[in-house]
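Please read these numbers as outputs of a predicted model, since none were measured by experiment. In this chain, numbering begins with 1 at the start of the sequence shown. These numbers come from the heavy atoms of this one structure, side chains and all, not from hydrogens, waters or symmetry mates.
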Amino acid sequence: VRRNLGSDARNLALQGHVGFDSLPDQLVNKCVNLGFDMNILCVGETGIGKSTLMDCLFKANFDDTVHTHKSPGVEISQHIYNLKEGNVKLRLAIVDSVGYGDQINKENSFKPLVD
């Protein structure tokens, strides 16, 4: 289909092939340039290995504070890390459930996580 745009219209030359087949490559390039955001919620009892799992998944040593089993309730703590591997940037937010399952009465342990 050819349109007649009039005498004052300008013609633009394409820099390269533009089509549906190049959309996946364009999206990948855009995502790599902008970076990725990832949120991970770690839920489990103190000392079960949540921090070790995160260290192994991302091949990093995240600075974590050691928590004891004596927490009176469940607290939510968030730590944000900026990681880079090759030319891919990752903004990682690890949300930890400090004290989850450490109480004798565990009926209300889930409430801070849901709220």
Sequence neighbours left out, cut at 3.5 Å: what donor-acceptor pairs do the side chains of residues 33-42 make with other protein atoms?
residue: Asn33; atom: ND2; partner: Asn29; partner atom: O; Å: 3.1

Checklist entry - Is a donor on one side and an acceptor on the other found under 3.5 Å between the side chain of Asp55 and the backbone of Phe62? => result yes
Checklist entry - Distance-only, no hydrogens or angles: does the Lys50 side chain make a donor-acceptor pair with backbone N or O of Val43 under 3.5 Å? => result no
Next on the checklist: Restricting to side-chain contact (heavy atoms from CB on, under 4.5 Å), what partner residues turn up for Gln78, sequence neighbours left out?
Outcome noted: Ile80, Ala93, Val95
Checklist entry - Just wondering, do Phe58 and Leu90 contact through their side chains at under 4.5 Å, heavy atoms? => result yes
Next on the checklist: Please report the interatomic distance CD1(Ile94) to CE(Met54), rounded to the nearest 0.5 Å.
Outcome noted: 6.0 Å
Checklist entry - Measuring from Asp96:CG to Ser51:OG, what's the distance to the nearest 0.5 Å? => result 5.5 Å
